[in-house]
Amino acid sequence: MEIEEVRKNTKLMYQGKPWNVDNAEFVKPGKGRAIYRLRLKNLLDASTLDITFHSGEKVDEASISNQEMQYLYKEGDHYVFMNTSTFDQTFVTESQMEDKIHFLKEGMLVNVQLLEDRPIDITIPVFVELAVIETGTAIKTATVTAQNKSAKLETGYSIDVPAFIKEGDMLKIDTRTGAYVERLTAKK
Amino acid sequence: MPAERERLAQIKTNLEHRAQIYDLVREFFRGRGFLEVETPVRVPAIAPEINIAPLQSDGWYLITSPELHMKRLLAASYKQIFQISHCFRKHERGRLHNPEFSLLEWYRTDANCTDTISDTEQLVSTLIQKLQSSNILHYQGQSIDMQLPWHRLSIKNAFLQIAGWNPVSDYNAERFDHDMSTLILPSLNPARPTVLVEYPAAAASLARLKADDLQVAERAEVFIGGMELANAYSELADAAEQLQRFMKEASQIEYTYGMKMPISGPFIDAVSHLPECSGIALGMDRLVMLLCDAASIDEVCAFTEDNI
(Lines give C-alpha, C1' and ligand atoms only; values in the text may rest on other atoms or scores of the structure.)
Protein backbone atom coordinates (compact mmCIF):
# COMPACT_ATOMS: atom_id res chain seq x y z
CA MET A 1 0.00 0.00 0.00
CA GLU A 2 1.02 3.64 -0.48
CA ILE A 3 2.36 5.42 2.60
CA GLU A 4 -0.35 8.04 1.91
CA GLU A 5 -3.02 5.48 2.85
CA VAL A 6 -1.51 4.61 6.24
CA ARG A 7 -3.56 5.77 9.22
CA LYS A 8 -3.44 5.27 12.97
CA ASN A 9 -4.07 1.55 13.70
CA THR A 10 -3.15 0.41 10.17
CA LYS A 11 -1.25 -2.90 10.49
CA LEU A 12 2.02 -3.17 8.56
CA MET A 13 4.76 -5.68 7.85
CA TYR A 14 8.15 -3.99 8.27
CA GLN A 15 11.53 -5.76 8.38
CA GLY A 16 9.66 -9.05 8.40
CA LYS A 17 7.68 -8.24 11.53
CA PRO A 18 4.03 -7.21 12.04
CA TRP A 19 3.41 -3.74 13.49
CA ASN A 20 0.45 -1.61 14.50
CA VAL A 21 0.65 2.08 13.64
CA ASP A 22 0.11 3.60 17.10
CA ASN A 23 0.59 7.14 15.85
CA ALA A 24 1.02 8.72 12.41
CA GLU A 25 2.20 12.31 12.13
CA PHE A 26 1.95 14.07 8.77
CA VAL A 27 4.52 16.83 8.18
CA LYS A 28 4.62 18.75 4.92
CA PRO A 29 5.96 22.09 3.74
CA GLY A 30 3.34 23.61 1.38
CA LYS A 31 5.55 23.21 -1.69
CA GLY A 32 7.74 20.41 -0.35
CA ARG A 33 7.69 16.66 0.00
CA ALA A 34 5.62 15.10 2.77
CA ILE A 35 7.12 13.18 5.67
CA TYR A 36 5.21 10.53 7.60
CA ARG A 37 6.50 9.96 11.14
CA LEU A 38 5.16 6.66 12.39
CA ARG A 39 5.24 5.21 15.90
CA LEU A 40 5.02 1.47 15.36
CA LYS A 41 4.20 -1.15 17.96
CA ASN A 42 5.32 -4.72 17.36
CA LEU A 43 2.21 -6.90 17.40
CA LEU A 44 4.08 -9.89 18.82
CA ASP A 45 6.25 -8.46 21.60
CA ALA A 46 4.80 -4.91 22.02
CA SER A 47 8.19 -3.24 21.43
CA THR A 48 8.03 0.15 19.70
CA LEU A 49 9.86 1.68 16.76
CA ASP A 50 9.86 5.26 15.43
CA ILE A 51 10.33 5.49 11.69
CA THR A 52 10.06 8.13 8.99
CA PHE A 53 8.70 7.59 5.47
CA HIS A 54 8.49 10.03 2.55
CA SER A 55 5.56 10.51 0.18
CA GLY A 56 5.67 8.13 -2.77
CA GLU A 57 7.14 5.28 -0.71
CA LYS A 58 5.34 1.99 -0.33
CA VAL A 59 4.78 -0.21 2.71
CA ASP A 60 3.45 -3.76 3.07
CA GLU A 61 0.06 -4.04 4.68
CA ALA A 62 -0.18 -6.96 7.09
CA SER A 63 -2.87 -9.42 6.06
CA ILE A 64 -5.11 -9.65 9.09
CA SER A 65 -8.25 -11.77 9.47
CA ASN A 66 -10.93 -11.57 12.14
CA GLN A 67 -12.34 -14.54 14.04
CA GLU A 68 -14.99 -14.65 16.73
CA MET A 69 -13.67 -16.44 19.81
CA GLN A 70 -14.80 -17.15 23.34
CA TYR A 71 -12.60 -16.35 26.31
CA LEU A 72 -12.11 -19.48 28.40
CA TYR A 73 -9.60 -18.88 31.20
CA LYS A 74 -6.25 -17.41 32.17
CA GLU A 75 -3.13 -19.56 32.55
CA GLY A 76 0.00 -17.77 33.74
CA ASP A 77 0.18 -14.66 31.60
CA HIS A 78 -1.66 -16.39 28.74
CA TYR A 79 -5.31 -15.70 28.03
CA VAL A 80 -6.87 -18.77 26.41
CA PHE A 81 -9.54 -18.33 23.70
CA MET A 82 -11.60 -20.84 21.72
CA ASN A 83 -12.48 -20.40 18.05
CA THR A 84 -16.31 -20.62 18.02
CA SER A 85 -16.44 -22.31 14.59
CA THR A 86 -13.54 -24.80 14.78
CA PHE A 87 -13.34 -25.09 18.62
CA ASP A 88 -9.56 -24.76 18.29
CA GLN A 89 -7.88 -23.09 21.24
CA THR A 90 -5.30 -20.34 21.08
CA PHE A 91 -3.81 -17.84 23.48
CA VAL A 92 -3.06 -14.12 23.67
CA THR A 93 -0.35 -12.78 25.99
CA GLU A 94 -0.95 -10.24 28.72
CA SER A 95 1.14 -7.55 26.95
CA GLN A 96 -0.98 -7.94 23.80
CA MET A 97 -4.18 -7.62 25.82
CA GLU A 98 -3.24 -4.20 27.26
CA ASP A 99 -6.02 -2.74 29.45
CA LYS A 100 -8.68 -4.96 27.90
CA ILE A 101 -7.91 -7.46 30.67
CA HIS A 102 -9.87 -5.21 33.03
CA PHE A 103 -13.12 -6.00 31.24
CA LEU A 104 -12.64 -9.59 30.16
CA LYS A 105 -14.91 -12.18 31.77
CA GLU A 106 -14.89 -15.94 31.26
CA GLY A 107 -17.34 -16.95 28.53
CA MET A 108 -17.24 -13.51 26.81
CA LEU A 109 -17.33 -13.45 22.99
CA VAL A 110 -14.62 -11.27 21.44
CA ASN A 111 -13.10 -10.63 18.03
CA VAL A 112 -9.54 -11.89 17.65
CA GLN A 113 -7.34 -10.46 14.90
CA LEU A 114 -5.12 -13.10 13.34
CA LEU A 115 -1.94 -12.69 11.33
CA GLU A 116 -2.02 -15.97 9.43
CA ASP A 117 -2.93 -18.21 12.42
CA ARG A 118 -1.28 -16.09 15.06
CA PRO A 119 -3.48 -13.98 17.33
CA ILE A 120 -2.11 -10.47 17.55
CA ASP A 121 -4.89 -8.37 19.00
CA ILE A 122 -8.40 -8.66 20.31
CA THR A 123 -11.42 -6.38 20.15
CA ILE A 124 -13.81 -6.57 23.07
CA PRO A 125 -17.41 -5.27 23.04
CA VAL A 126 -17.83 -1.52 23.62
CA PHE A 127 -20.20 -2.24 26.51
CA VAL A 128 -19.78 -5.10 28.95
CA GLU A 129 -21.80 -6.22 31.99
CA LEU A 130 -19.81 -6.85 35.15
CA ALA A 131 -20.79 -7.50 38.76
CA VAL A 132 -19.56 -5.48 41.74
CA ILE A 133 -17.73 -7.70 44.23
CA GLU A 134 -16.65 -5.07 46.72
CA THR A 135 -17.60 -1.48 47.50
CA GLY A 136 -17.61 0.73 50.56
CA THR A 137 -19.81 3.68 51.46
CA ALA A 138 -19.31 7.07 49.88
CA ILE A 139 -17.12 9.52 51.73
CA LYS A 140 -19.35 12.32 52.98
CA THR A 141 -18.30 15.74 51.79
CA ALA A 142 -19.66 19.18 52.51
CA THR A 143 -21.12 19.55 49.05
CA VAL A 144 -24.52 18.36 47.89
CA THR A 145 -23.30 17.24 44.46
CA ALA A 146 -23.53 13.61 43.40
CA GLN A 147 -21.10 11.49 45.39
CA ASN A 148 -18.90 8.88 43.81
CA LYS A 149 -17.04 6.01 45.40
CA SER A 150 -14.80 3.21 44.26
CA ALA A 151 -16.13 -0.26 43.41
CA LYS A 152 -14.18 -3.43 42.63
CA LEU A 153 -15.57 -5.43 39.70
CA GLU A 154 -15.52 -9.22 39.30
CA THR A 155 -12.47 -8.87 37.00
CA GLY A 156 -10.54 -7.26 39.88
CA TYR A 157 -10.64 -3.81 38.26
CA SER A 158 -11.82 -0.79 40.28
CA ILE A 159 -13.92 2.05 38.87
CA ASP A 160 -15.79 5.08 40.16
CA VAL A 161 -19.50 4.48 40.70
CA PRO A 162 -22.42 6.46 42.19
CA ALA A 163 -23.02 6.15 45.93
CA PHE A 164 -26.13 3.94 45.57
CA ILE A 165 -24.24 0.99 44.02
CA LYS A 166 -24.01 -2.11 46.23
CA GLU A 167 -22.01 -5.32 46.19
CA GLY A 168 -23.60 -7.82 43.77
CA ASP A 169 -25.11 -5.15 41.51
CA MET A 170 -24.66 -5.77 37.78
CA LEU A 171 -23.19 -2.70 35.98
CA LYS A 172 -22.88 -1.63 32.35
CA ILE A 173 -19.30 -0.41 31.64
CA ASP A 174 -17.96 1.48 28.60
CA THR A 175 -14.71 -0.35 27.74
CA ARG A 176 -13.36 2.58 25.66
CA THR A 177 -13.17 4.84 28.70
CA GLY A 178 -13.48 2.34 31.54
CA ALA A 179 -16.38 4.41 32.88
CA TYR A 180 -19.56 3.34 34.66
CA VAL A 181 -22.61 3.76 32.38
CA GLU A 182 -25.60 2.45 34.38
CA ARG A 183 -26.84 -0.15 36.87
CA LEU A 184 -28.55 -3.04 35.07
CA THR A 185 -29.87 -5.04 38.03
CA ALA A 186 -29.68 -4.43 41.72
CA LYS A 187 -28.76 -7.34 43.93
CA LYS A 188 -31.97 -9.12 45.04
CA MET B 1 -25.12 10.53 16.67
CA PRO B 2 -24.48 11.95 20.13
CA ALA B 3 -20.70 11.95 19.56
CA GLU B 4 -21.08 14.28 16.56
CA ARG B 5 -23.43 16.64 18.38
CA GLU B 6 -21.05 16.78 21.32
CA ARG B 7 -18.05 17.40 19.04
CA LEU B 8 -19.79 20.22 17.17
CA ALA B 9 -21.00 21.80 20.41
CA GLN B 10 -17.42 21.79 21.73
CA ILE B 11 -16.02 23.75 18.77
CA LYS B 12 -18.91 26.23 18.53
CA THR B 13 -16.92 29.08 20.12
CA ASN B 14 -14.09 28.49 17.63
CA LEU B 15 -16.51 28.55 14.70
CA GLU B 16 -17.99 31.81 16.00
CA HIS B 17 -14.47 33.26 16.19
CA ARG B 18 -13.79 31.94 12.71
CA ALA B 19 -16.76 33.87 11.28
CA GLN B 20 -15.59 37.01 13.10
CA ILE B 21 -12.05 36.58 11.70
CA TYR B 22 -13.44 36.24 8.16
CA ASP B 23 -15.37 39.51 8.64
CA LEU B 24 -12.23 41.29 9.91
CA VAL B 25 -10.10 39.97 7.04
CA ARG B 26 -12.61 41.26 4.49
CA GLU B 27 -12.83 44.59 6.32
CA PHE B 28 -8.99 44.84 6.28
CA PHE B 29 -8.69 44.37 2.52
CA ARG B 30 -11.73 46.44 1.57
CA GLY B 31 -10.33 49.26 3.73
CA ARG B 32 -7.17 49.16 1.60
CA GLY B 33 -9.02 49.26 -1.70
CA PHE B 34 -8.82 45.56 -2.60
CA LEU B 35 -11.59 43.99 -4.66
CA GLU B 36 -12.90 40.62 -3.44
CA VAL B 37 -13.09 38.20 -6.37
CA GLU B 38 -14.32 34.66 -6.97
CA THR B 39 -12.63 32.27 -9.39
CA PRO B 40 -13.59 28.68 -10.34
CA VAL B 41 -12.88 25.76 -8.01
CA ARG B 42 -13.07 23.14 -10.81
CA VAL B 43 -10.69 23.88 -13.69
CA PRO B 44 -9.18 22.14 -16.77
CA ALA B 45 -5.55 22.82 -15.69
CA ILE B 46 -3.68 23.70 -12.51
CA ALA B 47 -0.06 24.64 -11.84
CA PRO B 48 1.91 21.38 -12.09
CA GLU B 49 3.76 20.81 -8.81
CA ILE B 50 5.44 17.50 -8.05
CA ASN B 51 4.73 17.67 -4.32
CA ILE B 52 1.08 18.75 -4.57
CA ALA B 53 -1.28 15.99 -5.71
CA PRO B 54 -4.53 17.26 -7.20
CA LEU B 55 -7.99 15.73 -6.89
CA GLN B 56 -9.73 15.13 -10.20
CA SER B 57 -13.33 15.90 -11.00
CA ASP B 58 -14.89 14.47 -14.16
CA GLY B 59 -11.64 14.89 -16.14
CA TRP B 60 -10.85 18.34 -14.72
CA TYR B 61 -9.10 19.30 -11.48
CA LEU B 62 -10.15 20.82 -8.20
CA ILE B 63 -7.89 23.83 -7.61
CA THR B 64 -4.86 23.43 -5.35
CA SER B 65 -4.73 27.27 -5.22
CA PRO B 66 -6.69 30.03 -7.02
CA GLU B 67 -3.40 31.55 -8.24
CA LEU B 68 -3.72 31.01 -12.00
CA HIS B 69 -7.12 32.66 -12.39
CA MET B 70 -6.25 35.50 -10.02
CA LYS B 71 -3.20 36.28 -12.14
CA ARG B 72 -5.40 36.31 -15.26
CA LEU B 73 -7.35 39.11 -13.56
CA LEU B 74 -4.11 40.97 -12.74
CA ALA B 75 -3.03 40.70 -16.38
CA ALA B 76 -6.32 42.38 -17.33
CA SER B 77 -5.52 45.49 -15.24
CA TYR B 78 -7.12 44.51 -11.92
CA LYS B 79 -4.68 46.12 -9.46
CA GLN B 80 -5.55 44.82 -5.98
CA ILE B 81 -7.59 41.66 -5.53
CA PHE B 82 -8.23 39.13 -2.75
CA GLN B 83 -10.13 35.90 -2.36
CA ILE B 84 -10.86 33.28 0.29
CA SER B 85 -11.39 30.00 -1.49
CA HIS B 86 -11.61 26.31 -0.79
CA CYS B 87 -8.64 24.40 -2.22
CA PHE B 88 -7.96 20.69 -2.49
CA ARG B 89 -4.77 18.68 -2.11
CA LYS B 90 -4.96 14.90 -2.21
CA HIS B 91 -3.71 12.87 0.79
CA GLU B 92 -2.83 15.95 2.89
CA ARG B 93 -4.21 15.02 6.30
CA GLY B 94 -2.77 15.67 9.75
CA ARG B 95 -2.93 18.09 12.66
CA LEU B 96 -2.32 21.02 10.26
CA HIS B 97 -3.83 19.54 7.11
CA ASN B 98 -7.14 18.54 5.60
CA PRO B 99 -7.48 17.65 1.88
CA GLU B 100 -10.10 20.42 1.57
CA PHE B 101 -8.94 23.65 3.20
CA SER B 102 -9.27 27.42 2.94
CA LEU B 103 -6.68 29.70 1.38
CA LEU B 104 -6.69 33.48 1.53
CA GLU B 105 -4.82 34.85 -1.46
CA TRP B 106 -4.18 38.46 -2.34
CA TYR B 107 -2.28 40.10 -5.17
CA ARG B 108 -1.25 43.64 -5.91
CA THR B 109 0.60 45.41 -8.69
CA ASP B 110 3.69 47.61 -8.28
CA ALA B 111 4.76 45.41 -5.38
CA ASN B 112 7.26 42.68 -4.52
CA CYS B 113 7.19 39.94 -1.90
CA THR B 114 8.54 42.29 0.76
CA ASP B 115 5.34 44.31 0.36
CA THR B 116 2.96 41.35 0.61
CA ILE B 117 4.87 40.07 3.68
CA SER B 118 4.43 43.54 5.17
CA ASP B 119 0.66 43.30 4.36
CA THR B 120 0.64 40.00 6.28
CA GLU B 121 2.29 41.63 9.30
CA GLN B 122 -0.33 44.39 9.20
CA LEU B 123 -3.22 41.96 8.75
CA VAL B 124 -2.24 39.61 11.58
CA SER B 125 -1.43 42.52 13.94
CA THR B 126 -4.77 44.15 13.19
CA LEU B 127 -6.61 40.89 13.92
CA ILE B 128 -4.79 40.37 17.22
CA GLN B 129 -5.39 43.97 18.28
CA LYS B 130 -9.10 43.74 17.47
CA LEU B 131 -9.64 40.31 18.98
CA GLN B 132 -7.55 40.57 22.14
CA SER B 133 -6.10 44.11 22.28
CA SER B 134 -2.55 42.91 22.94
CA ASN B 135 0.65 42.24 21.03
CA ILE B 136 1.12 38.89 22.70
CA LEU B 137 -0.46 35.83 21.16
CA HIS B 138 -0.92 32.82 23.44
CA TYR B 139 -0.72 29.63 21.46
CA GLN B 140 -0.55 26.14 22.96
CA GLY B 141 1.19 27.30 26.14
CA GLN B 142 3.64 29.55 24.26
CA SER B 143 3.56 33.36 24.44
CA ILE B 144 4.41 34.76 21.02
CA ASP B 145 5.53 38.38 20.81
CA MET B 146 3.82 39.65 17.66
CA GLN B 147 5.44 43.10 17.58
CA LEU B 148 6.46 44.38 14.15
CA PRO B 149 8.64 43.91 12.27
CA TRP B 150 8.82 40.13 12.44
CA HIS B 151 12.23 38.45 12.37
CA ARG B 152 13.66 37.90 8.86
CA LEU B 153 16.03 35.01 8.18
CA SER B 154 17.48 34.02 4.83
CA ILE B 155 17.25 30.39 3.75
CA LYS B 156 21.00 30.37 3.20
CA ASN B 157 21.77 31.49 6.77
CA ALA B 158 19.12 29.23 8.33
CA PHE B 159 20.50 26.16 6.54
CA LEU B 160 24.15 27.03 7.12
CA GLN B 161 23.53 27.53 10.86
CA ILE B 162 21.22 24.58 11.50
CA ALA B 163 21.71 22.01 8.75
CA GLY B 164 25.34 22.76 7.86
CA TRP B 165 24.94 23.17 4.10
CA ASN B 166 23.98 25.83 1.58
CA PRO B 167 20.94 24.96 -0.57
CA VAL B 168 21.21 28.23 -2.51
CA SER B 169 24.57 27.37 -4.08
CA ASP B 170 24.11 23.60 -4.01
CA TYR B 171 20.42 22.65 -4.26
CA ASN B 172 19.12 19.16 -3.56
CA ALA B 173 15.31 19.00 -3.52
CA GLU B 174 14.98 15.89 -1.35
CA ARG B 175 17.49 17.03 1.22
CA PHE B 176 16.03 20.56 1.23
CA ASP B 177 12.48 19.38 2.01
CA HIS B 178 13.63 16.84 4.57
CA ASP B 179 15.90 19.25 6.46
CA MET B 180 13.28 22.02 6.28
CA SER B 181 10.74 19.80 8.11
CA THR B 182 13.07 18.03 10.50
CA LEU B 183 15.77 20.62 11.30
CA ILE B 184 14.92 24.18 10.26
CA LEU B 185 11.29 24.46 11.40
CA PRO B 186 11.89 22.94 14.86
CA SER B 187 14.81 25.38 15.35
CA LEU B 188 12.84 28.59 14.72
CA ASN B 189 12.31 30.80 17.79
CA PRO B 190 8.86 29.80 19.13
CA ALA B 191 8.42 33.14 20.90
CA ARG B 192 8.50 35.24 17.68
CA PRO B 193 7.13 34.91 14.16
CA THR B 194 9.83 34.22 11.56
CA VAL B 195 9.88 35.14 7.89
CA LEU B 196 12.17 32.91 5.82
CA VAL B 197 13.34 34.82 2.74
CA GLU B 198 15.46 34.30 -0.38
CA TYR B 199 14.57 30.75 -1.41
CA PRO B 200 16.86 28.87 -3.79
CA ALA B 201 16.09 29.54 -7.47
CA ALA B 202 15.27 25.83 -7.93
CA ALA B 203 12.48 26.19 -5.35
CA ALA B 204 11.09 29.36 -6.96
CA SER B 205 7.94 27.77 -8.37
CA LEU B 206 6.04 30.81 -9.71
CA ALA B 207 8.38 33.46 -8.27
CA ARG B 208 10.82 35.59 -10.22
CA LEU B 209 14.55 35.46 -9.54
CA LYS B 210 16.38 38.27 -7.83
CA ALA B 211 17.73 40.65 -10.48
CA ASP B 212 21.19 40.92 -8.91
CA ASP B 213 21.49 37.30 -7.75
CA LEU B 214 20.02 34.64 -10.04
CA GLN B 215 20.65 31.86 -7.49
CA VAL B 216 17.91 33.34 -5.30
CA ALA B 217 14.13 33.54 -5.85
CA GLU B 218 12.01 36.41 -4.52
CA ARG B 219 9.96 34.07 -2.38
CA ALA B 220 9.25 34.42 1.36
CA GLU B 221 7.35 32.38 3.92
CA VAL B 222 5.82 33.27 7.29
CA PHE B 223 6.06 30.87 10.24
CA ILE B 224 4.18 31.38 13.52
CA GLY B 225 3.78 28.93 16.38
CA GLY B 226 5.64 26.22 14.47
CA MET B 227 3.22 26.53 11.55
CA GLU B 228 3.87 27.55 7.98
CA LEU B 229 1.25 30.29 7.61
CA ALA B 230 1.85 32.09 4.30
CA ASN B 231 3.93 31.90 1.12
CA ALA B 232 4.69 35.04 -0.93
CA TYR B 233 6.19 35.58 -4.37
CA SER B 234 7.34 38.49 -6.44
CA GLU B 235 5.48 37.10 -9.41
CA LEU B 236 7.29 35.80 -12.45
CA ALA B 237 6.14 37.85 -15.47
CA ASP B 238 8.21 36.06 -18.12
CA ALA B 239 5.84 33.77 -20.06
CA ALA B 240 8.59 31.76 -21.76
CA GLU B 241 10.34 31.11 -18.44
CA GLN B 242 7.01 30.20 -16.78
CA LEU B 243 6.14 27.76 -19.57
CA GLN B 244 9.57 26.17 -19.32
CA ARG B 245 9.25 25.72 -15.53
CA PHE B 246 5.76 24.19 -15.91
CA MET B 247 6.93 21.80 -18.64
CA LYS B 248 9.89 20.71 -16.53
CA GLU B 249 7.64 20.09 -13.51
CA ALA B 250 5.02 18.32 -15.67
CA SER B 251 7.63 15.99 -17.15
CA GLN B 252 8.90 15.14 -13.66
CA ILE B 253 5.33 14.34 -12.57
CA GLU B 254 4.85 12.14 -15.63
CA TYR B 255 8.16 10.38 -15.00
CA THR B 256 7.46 9.81 -11.28
CA TYR B 257 3.71 9.17 -11.21
CA GLY B 258 2.89 8.42 -14.85
CA MET B 259 0.36 11.25 -14.85
CA LYS B 260 0.10 13.75 -17.71
CA MET B 261 -0.57 17.29 -16.47
CA PRO B 262 -2.06 19.78 -18.96
CA ILE B 263 -0.67 23.32 -18.97
CA SER B 264 -3.10 26.23 -19.03
CA GLY B 265 -2.66 28.21 -22.27
CA PRO B 266 -4.71 31.21 -21.10
CA PHE B 267 -2.56 31.41 -17.96
CA ILE B 268 0.76 31.36 -19.86
CA ASP B 269 -0.67 34.02 -22.15
CA ALA B 270 -1.68 36.12 -19.11
CA VAL B 271 1.84 35.88 -17.63
CA SER B 272 3.20 37.83 -20.62
CA HIS B 273 0.79 40.66 -19.72
CA LEU B 274 1.50 40.69 -15.97
CA PRO B 275 2.66 44.01 -14.56
CA GLU B 276 5.22 43.96 -11.73
CA CYS B 277 3.21 42.36 -8.95
CA SER B 278 3.31 40.19 -5.86
CA GLY B 279 0.91 37.68 -4.39
CA ILE B 280 0.64 35.61 -1.26
CA ALA B 281 -1.33 32.57 -0.06
CA LEU B 282 -2.22 32.32 3.62
CA GLY B 283 -3.80 29.28 5.29
CA MET B 284 -7.04 30.53 6.81
CA ASP B 285 -7.59 27.41 8.91
CA ARG B 286 -4.16 27.87 10.48
CA LEU B 287 -4.76 31.58 11.07
CA VAL B 288 -7.97 30.68 12.91
CA MET B 289 -6.11 27.97 14.86
CA LEU B 290 -3.54 30.54 16.03
CA LEU B 291 -6.19 33.06 17.05
CA CYS B 292 -8.37 30.42 18.81
CA ASP B 293 -5.43 28.61 20.45
CA ALA B 294 -6.57 25.43 18.69
CA ALA B 295 -4.12 22.51 18.52
CA SER B 296 -5.63 20.93 15.42
CA ILE B 297 -7.42 21.89 12.21
CA ASP B 298 -10.26 19.64 13.42
CA GLU B 299 -11.03 22.19 16.14
CA VAL B 300 -11.63 25.02 13.65
CA CYS B 301 -13.46 23.16 10.84
CA ALA B 302 -16.92 21.75 11.45
CA PHE B 303 -16.35 18.77 9.15
CA THR B 304 -12.95 17.37 8.17
CA GLU B 305 -12.16 14.25 6.16
CA ASP B 306 -12.57 12.00 9.20
CA ASN B 307 -16.11 13.07 10.04
CA ILE B 308 -17.68 13.96 6.71
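Letters A, B, ... are given to chains in the order of the sequence lines, protein chains preceding strands, and every chain is numbered from 1. Given the structure is predicted, the values throughout are model-derived calculations rather than measurements.
The parts of B/His91 that come within reach of chain A are both its backbone and its side chain, each placing non-hydrogen atoms under 4.5 angstrom from that chain. If you measure heavy-atom distances from B/Ser205 to chain A, the contacts under 4.5 Å come from the side chain alone. Contact of B/Thr182 with chain A is made through backbone and side chain together, with heavy-atom distances under 4.5 Å.
The aromatic ring centroids of A/Phe26 and A/Tyr36 lie less than 6.0 Å from each other. The ring of B/Phe82 has its center no closer than 6.0 angstrom to the ring center of B/Tyr107.
Taking the six-membered ring where the residue is Trp, A/Tyr71 and A/Phe81 present tilted rings, their angle falling between 30° and 60°.
With chain A as partner, the option from B/Glu174, B/His97, B/Met180, B/Arg95 having the largest number of non-hydrogen pairs under 4.5 angstrom is B/His97. Between chain B and the residues A/Glu5, A/Arg33, A/Glu4, the largest count of heavy-atom pairs under 4.5 Å involves A/Arg33. When each of A/Glu25, A/His54, A/Arg7 is scored by its heavy-atom pairs under 4.5 Å with chain B, the top score falls to A/His54.
Judged as a side chain to side chain contact (heavy atoms under 4.5 Å, CB included), and not counting sequence neighbours, the contacts of A/Ile51 are A/Tyr14, A/Leu38, A/Leu40, A/Phe53.
Ion pairing between B/Glu92 and B/Lys90 fails under the 4.0 Å rule for side-chain N and carboxylate O.
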